[in-house]
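Notes follow the structure.
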Amino acid sequence: MRRNDFFFAVLLGLPVLTIAAATVPLSGSAPVRVAAVSHAHAAPGDPSADPSADPSGVPPADPSADPSADPSADPSGAPSAQPSATAAAPTAAPTAAPTGPTPADFIDIRQVPPKRNGVRPGRGASRGTFVSRCGRNQNGHRNPDNFIVAPGVSNGAHHTHDYVGNLSTDGFSTDQTLLAAGTTCSGGDKSVYFWPVLRVTTPGDTSGQDGNNGTILQPASVTLQFRGNAVSKVKAMPQFLRVITGDAKSFTNGPTNARAQWTCTGFTNRITTKYPVCPRGSQVQRILDFASCWDGKSIDSANHRTHIVFPDAATGACATGLTAVPQLRMVLTYNVRQAQSRAIALDSFPEQVHSPITDHGDFENVMPARLMNRATWCINRGRRC
């Protein structure tokens, strides 16, 4: 440093080291500092810019930095725009969720070919029926729970169910709470019967929960019919037996457990897995058949299916070792105006896009023993009760 510069610095009260630092860029050591800064901001093509590209890469310029941080972040510690954009990505994802149903999910019922006749009852068949009269949910008992599949969880179904029968049913129901509650059914049937609601959708309506929007259609009628077996008599169901039918996630799971059956009144020999477009004067119907070949010991199973399965599709018989019990059939009928015929949609899990193949139902038997015995007697005697 020249003598005049030194005295000038002292006169201004500046530290001599600061002046020395200021003069460093003019000295021969300048390339060293520039190289260090240049290394911290390596070019995108340099493998050291992304530590994940080379495990032996040079550590970040700031050893105290979060090792999970974006390597392109400013080593000075100032927040950069890049991490903010990354953090915002998950928030934007729900807006890209698929919606439905699509036009391909609908079909004119008159375009559905008539189905073949089912299994003919044999000599030992149980030909009778028993109907439990439980109304059509006039009291508006609905919630998005499912105590069978998601016990102890509110909104465990992520779609709304219609209930008839037991008045207390929600996600926290137990055998004991159901037994203690009232019912909408006659004869003291405290059983639980439920299914996803059907809605009429309106473009732009986002008022619902979990993507289930639109006006709920109350069924015009609900028939809960217990039927027999094509080759044998049936035995009484045990109390608290739980049975499900269909697969609420069959759009993504595939059709293995799907049991959706849609039709129209006056066209019940035509069954489809799509939403039916019915002619004027005809009503939309959903038919939900439940499994009826019981293992004889379990009232439920881990997947809610293996303890009770469907009869053989070709013969109608239960497999060896299984016992035929009354088979529940739910028939749900709706008045759908012509203008609404292609605007109906089932409530569903969001990723199931309201596909009609996801139709499903749930049941727990909480009939008194005397009522179940009567139902069994009617079915085995060929009566209609």
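- The shortest distance between side-chain heavy atoms of Asp145 and Thr169 does not fall below 4.5 Å.
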>> Is there a side-chain contact (heavy atoms from CB on, under 4.5 Å) between Asp295 and Ile308? Walk through the geometry before answering.
In response: CA-CA 6 Å; Asp295 68 6; Ile308 186 165; over 6 Å; no
> Would Asp189 and Asn365 count as a side-chain hydrogen bond (donor to acceptor under 3.5 Å, both in side chains) if you check the C-alpha gap in whole Å, the side-chain angles of each, and the deciding distance to 0.1 Å?
Replying inline: CA-CA 8 Å; Asp189 180 8; Asn365 173 40; over 6 Å; no
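- Between Phe130 and Phe226, the angle of the ring planes lies from 30° to 60°, which puts this pair in the tilted group.
- In the hydrophobic clustering of this structure, Phe290 groups with Leu371; members are Ile, Leu, Val, Met, Phe, Trp, Tyr whose side-chain heavy atoms approach within less than 4.5 Å, directly or through other members.
- Both Val243 and Leu332 belong to a single network of hydrophobic side chains, linked directly or stepwise wherever heavy atoms of I, L, V, M, F, W or Y lie under 4.5 Å apart.
- Formation of a donor-acceptor pair under 3.5 Å by the Thr265 side chain with backbone atoms of Ser282 is not found in this model.
- Residues Arg110 and Asp108 are paired through a salt bridge, judged by an N-O separation under 4.0 Å between the basic side chain and the carboxylate.
- For Asn117, the CG atom sits in a loose shell: 12 or fewer heavy atoms of surrounding residues, nucleotides or ligands are nearer than 6.0 Å.
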> Can Asn143 and Asp170 be said to form a side-chain hydrogen bond (donor to acceptor under 3.5 Å, both in side chains), step by step?
Replying inline: CA-CA 7 Å; Asn143 60 53; Asp170 61 19; 5.8 Å; no
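- Using a 4.0 Å cut-off between charged nitrogen and carboxylate oxygen, Lys274 and Asp105 do not count as a salt-bridge pair.
- Across all their heavy atoms, Ser173 and Ser168 have their closest contact at OG-O, 3.6 Å.
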>> With side-chain contact (heavy atoms from CB on, under 4.5 Å) as the criterion, how do Asn257 and His360 come out once you've worked through the C-alpha distance, each side chain's angles and the decisive distance to 0.1 Å?
In response: CA-CA 10 Å; Asn257 291 314; His360 60 281; over 6 Å; no
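- Heavy atoms only, all atoms of each residue included: Lys190 and Leu178 are closest at CD-O, 4.0 Å.
- Using a distance-only test at 3.5 Å, with no hydrogens or angles considered, no donor-acceptor pair links the side chain of Thr263 to the main chain of Ile271.
- For the residue pair Gln327/Asp289, the side-chain donor-acceptor check at 3.5 Å is not satisfied.
- Looking only at atom types and distance, the side chain of Asn373 has no donor-acceptor partner in the side chain of Thr376 under 3.5 Å away.
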>> One pair to check against side-chain contact (heavy atoms from CB on, under 4.5 Å): Val309 and Leu322. What are the steps and the verdict?
In response: CA-CA 9 Å; Val309 299; Leu322 300 182; 3.5 Å; yes
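- Put simply, the side chain of Met330 does not reach to within 4.5 Å of the side chain of Val222, judged on heavy atoms.
- Contacts of Thr315 classified as side chain to side chain contact (heavy atoms under 4.5 Å, CB included), with partners at least two apart in sequence or in another chain: Asp312, Ala317.
- Neither Val336 nor Val197 shares a network with the other; the hydrophobic side chains, linked directly or stepwise wherever heavy atoms of I, L, V, M, F, W or Y lie under 4.5 Å apart, form separate groups for each.
- Side chains of Thr184 and Leu167 form a contact here, defined as non-hydrogen atoms less than 4.5 Å apart.
- Remark: Arg199 engages Asp347 in a salt bridge, criterion side-chain N to carboxylate O under 4.0 Å.
- Rounding to the nearest 0.5 angstrom, the gap separating the CG atom in Asp359 from the CD atom in Gln261 is 9.5 Å.
- Using a 4.5 Å heavy-atom cutoff, the side chains of Thr174 and Phe147 are not in contact.
- For Gln239 against Met367, the heavy-atom pair with the smallest separation is NE2-O, 3.2 Å.
- With no hydrogens or angles considered, no side-chain donor-acceptor pair links Glu351 and Thr252 at under 3.5 Å.
- Ile299 and Ile148 fall within the same hydrophobic cluster, where Ile, Leu, Val, Met, Phe, Trp and Tyr residues are linked whenever their side-chain heavy atoms come under 4.5 Å apart, directly or through other members.
- No hydrogens or angles considered: a donor-acceptor pair under 3.5 Å links the side chains of Ser301 and His307.
- In the model, Tyr334 has a side-chain atom that pairs as donor or acceptor with a side-chain atom of Arg286 under 3.5 Å.
- Counting heavy atoms from C-beta outward, Arg136 and Gln218 have side chains that approach closer than 4.5 Å.
- A donor-acceptor pair is defined here as one N or O able to donate and one able to accept, closer than 3.5 Å; no such pair exists between the side chain of Lys235 and the backbone of Val325.
- Taken from CZ in Arg259 to CD1 in Ile244, the straight-line distance is 11.5 Å, to the nearest 0.5 Å.
- Within the 3.5 Å criterion, the main-chain N or O of Val366 finds a donor-acceptor partner in the side chain of Ser191.
- At a cut-off of 3.5 Å, with distance as the only test, a side-chain donor of Gln285 or Thr333 sits close to an acceptor on the other residue.
- Here the shortest heavy-atom pairing between Pro101 and Ala345 reads CD-CB, 3.6 Å.
- Here the closest heavy-atom approach between residue Phe240 and residue Leu179 is recorded as CZ-CD2, 4.1 Å.
- A donor-acceptor pair is defined here as one N or O able to donate and one able to accept, closer than 3.5 Å; such a pair exists between the side chain of Asn213 and the backbone of Asp205.
- Within the structure, disulfide (SG to SG under 2.5 Å) pairs that include any residue of residues 356-385 comprise Cys378-Cys385 (at least two apart or interchain).
- Distance CE/Met372 to OG/Ser132: 9.0 Å, rounded to 0.5 Å.
- Under the 3.5 Å distance criterion, the side-chain polar atoms of Asn212 are matched with a main-chain donor or acceptor of Ser348.
- The ring-ring contact (aromatic ring centres under 6.0 Å, His included) test with Phe194 is passed by exactly one of His161, His141, His159: His161.
- For the pair Asp300 and Arg305, the salt-bridge criterion is not met [side-chain N within less than 4.0 Å of a carboxylate O].
- In terms of modelled atom types and a separation under 3.5 Å, the side chain of Thr201 and the main chain of Ala343 share a donor-acceptor contact.
- Between Trp262 and Tyr275, the ring-plane angle classifies as perpendicular under the 30° and 60° cut-offs.
- Within a 6.0 Å radius of CZ in Arg142, other residues, nucleotides and ligands contribute more than 12 heavy atoms.
- When side chains are defined from C-beta on, Asn380 counts as touching Val234, because their heavy atoms get closer than 4.5 Å.
- Note that CD of Gln225 and CZ of Arg384 are 8.0 Å apart. Values are rounded to the nearest 0.5 Å.
- Hydrophobic cluster membership differs between Met237 and Phe310, with clusters built from Ile, Leu, Val, Met, Phe, Trp and Tyr side chains linked at under 4.5 angstrom.
- Cys318 has its side chain out of reach of Trp294: every pair of non-hydrogen atoms, C-beta onward, lies at least 4.5 Å apart.
- Phe349 and His158 have tilted rings, their planes meeting at an angle from 30° to 60° on a 0 to 90° scale.
- What you find for Ala220 and Gln283 is that their closest heavy atoms are CB-NE2, 3.9 Å.
- Side-chain atoms of His354 come within 3.5 Å of backbone atoms of Leu346 as a donor-acceptor pair (strictly under, hydrogens ignored).
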